[in-house]
K.L.:
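Have a look at the structure that comes next, please.
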Amino acid sequence: MSEFSSLGLSDWLIKQCKQLGISKPTPVQENCMPAILQGRDCMGCAKTGSGKTAAFVLPVLQKLSEDPYGIFCLVLTPTRELAYQIAEQFRVLGKPLGLRDCIVVGGMDMVAQALELSNQPHVVVATPGRLADHIRGSKTFSLSRIQFLILDEADRLLEQGCTDFTKDLEVILGVLPAKRQTLLFSATLTDTLQELKNIAMNKPFFWESKSETRTVEELDQRYILTPEKVKDAYLVHLIQTFTDEHHDWSIIIFTNTCKNCQILTMMLREFNFPTISLHSMMKQKQRFANLAKFKASVYKILIATDVAARGLDIPTVQVVINHNTPGLPKTYIHRVGRTARAGRNGVSITLVTQYDIHLVHSIEEQIQTKLKEYPVVEKEVHKILTQVNVTRRECEIKLESTDFDEKKEINKRKQMILEGKASYFLAEYIHVSALFKKNKCNFYNIMPPFTHERRRITAR
Ligand SMILES: Nc1ncnc2c1ncn2[C@@H]1O[C@H](COP(=O)(O)OP(=O)(O)OP(=O)(O)O)[C@@H](O)[C@H]1O
């Protein structure tokens, strides 16, 4: 392994790295940084937790120090939490430069963001939707002189999943200069390589870690085969065992829906486990607060949807539990990659029902590793089965008595409006309707003009 100095990195940055305990470059840094410093576009594909962030942050800071102006670099990333984490790396490593960054993500004050953008920060870290909104609605800042465009988790940004970023990316790319360096990074870049190559136009330098497996060796990957109805009992048993045996371990549990996330959090709290949740139906400030408490080990267990699957770097996480088997191998790769980072050990346990076995096979094929069975004393699980299932049912009933489903419906419709699938009047309707429902008024009797449109939209 070479030294940072032989890669062309300046002394002040090497010193900054040392202060963070980063003394030798990881392979992705060693291979991508010289190309970036030479001015080339770059695509880096390396396993989770292998230091991809510093692989682009360090060369950008070096170039910025040579020719400082704002706005110099734009980083796009799929989730709000990840945007804050990346900005933090820029801030810490770029401290001697007096680096000014601006984080532009949804769920936070738009006016404050617009002000910060107009103050010409050196680096803007953004989620595509909110940045595109600023571009559409404001003339107080310009991205026409940026030197670097970075797409972190690039494959996620370009795939057409449940959150489709492509329209927002079009808006953003439309205001960027053609002459720029474009850097794309992910642990699963090869899955969408062709689309990505169209974004990095200048024959990008492409580097992929040479390894047969797509997950790290330090990760012990396990599964438990369980009937659907016994899943929660296994979960409670696993957490009990881990918390009994390891006082300093943190655990992330991934599940498939916001509602499940909420119910599992309530259920585990009933069993007195220090649990907190993270999903997209929470207010953004609550999301940040919960993540901060988990990072600080105030809560040892985080229950999350895939909003937490990518990029989050929390060294204390020793265990990842998949409460549902991920439908896509790459989702699995990112989820389990929240542990065993930067050379540390970690365990992942996937709960598999009889209907998920084909999913496990495709995961194993993609990662080129066989998952091993996790040994459990079944007698112990059966002892708690009834208690766990009754507690879950109680939590479901408790959640039904709140307006959780209603909020979800409102969010869904708001999203449709933002995507232009419904009218402004409907937006008003939803807002007023929510207020009326909250105050238990009968909205339909007093707002007849909107009922027709409401039916039309609901029928889609
Ligand atoms: N050269 C290095 N030596 C030691 N640790 C490093 C080095 N570079 C980065 N790290 C640390 O490794 C951890 C993981 O880095 P990072 O978050 O960049 O991983 P990643 O490759 O982006 O992972 P993911 O694919 O999950 O986003 C961080 O805590 C970071 O500080």
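Order of listing sets the numbers, starting from 1, for every ligand and every atom in it. Everything quoted here is computed from the prediction, not taken from an experiment. Here, residue 1 is the first one in the sequence, and each next residue gets the next number.
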K.L.:
With under 30° as parallel and over 60° as perpendicular, where do the rings of Phe56 and Phe185 fit, or are they tilted in between?
P.N.:
tilted
K.L.:
Using heavy-atom distances, let me know which of Arg341, His334, Lys47, Glu30 sits nearest atom 19 (O) of ligand 1.
P.N.:
Arg341
K.L.:
Could you say whether the N/O atoms of Thr53 and ligand 1 ever approach to under 3.5 Å?
P.N.:
yes
K.L.:
Got an N/O contact under 3.5 Å between Gly51 and ligand 1?
P.N.:
yes
K.L.:
Side chain or backbone, does Arg338 bring an N or O within less than 3.5 Å of an N or O on ligand 1?
P.N.:
yes
K.L.:
Identify the closest protein heavy atom to atom 10 (N) of ligand 1: which residue and atom is it, and at what distance?
P.N.:
Ile22 CD1, 4.1 Å
K.L.:
Please list all pairs meeting salt bridge (Lys or Arg N to Asp or Glu O under 4.0 Å) that have one or both residues in residues 109-130, counting only residues at least two apart or in different chains.
P.N.:
none
K.L.:
Please list all pairs passing the side-chain hydrogen bond (donor to acceptor under 3.5 Å, both in side chains) test where one or both residues lie in residues 52-72, with sequence neighbours left out.
P.N.:
Ser10-Gln62
K.L.:
What do we get for Thr48 next to ligand 1 when only non-hydrogen atoms under 4.0 Å count, side chain, backbone, both or neither?
P.N.:
both
K.L.:
Can you tell me which residue and heavy atom of the protein come closest to atom 11 (C) of ligand 1, and the distance to 0.1 Å?
P.N.:
Ala342 CB, 4.3 Å
K.L.:
Do side-chain atoms of Asn31 reach the backbone of Val28 as a donor and acceptor pair under 3.5 angstrom?
P.N.:
no
K.L.:
Given Lys47 and Glu218, is the salt bridge (charged side-chain N to carboxylate O under 4.0 Å, His left out) satisfied, shown in steps?
P.N.:
CA-CA 12 Å; Lys47 292 178 186 181; Glu218 293 82 1; over 6 Å; no
K.L.:
Compute the shortest N/O to N/O distance between Gly49 and ligand 1 and return yes if it is under 3.5 Å, no if not.
P.N.:
yes
K.L.:
Taking distance alone, with N or O pairs closer than 3.5 Å, would you say Lys24 contacts ligand 1?
P.N.:
yes
K.L.:
For Lys300 and Thr243: C-alpha separation, side-chain torsions, deciding distance, then whether side-chain hydrogen bond (donor to acceptor under 3.5 Å, both in side chains) applies.
P.N.:
CA-CA 9 Å; Lys300 296 277 190 188; Thr243 46; over 6 Å; no
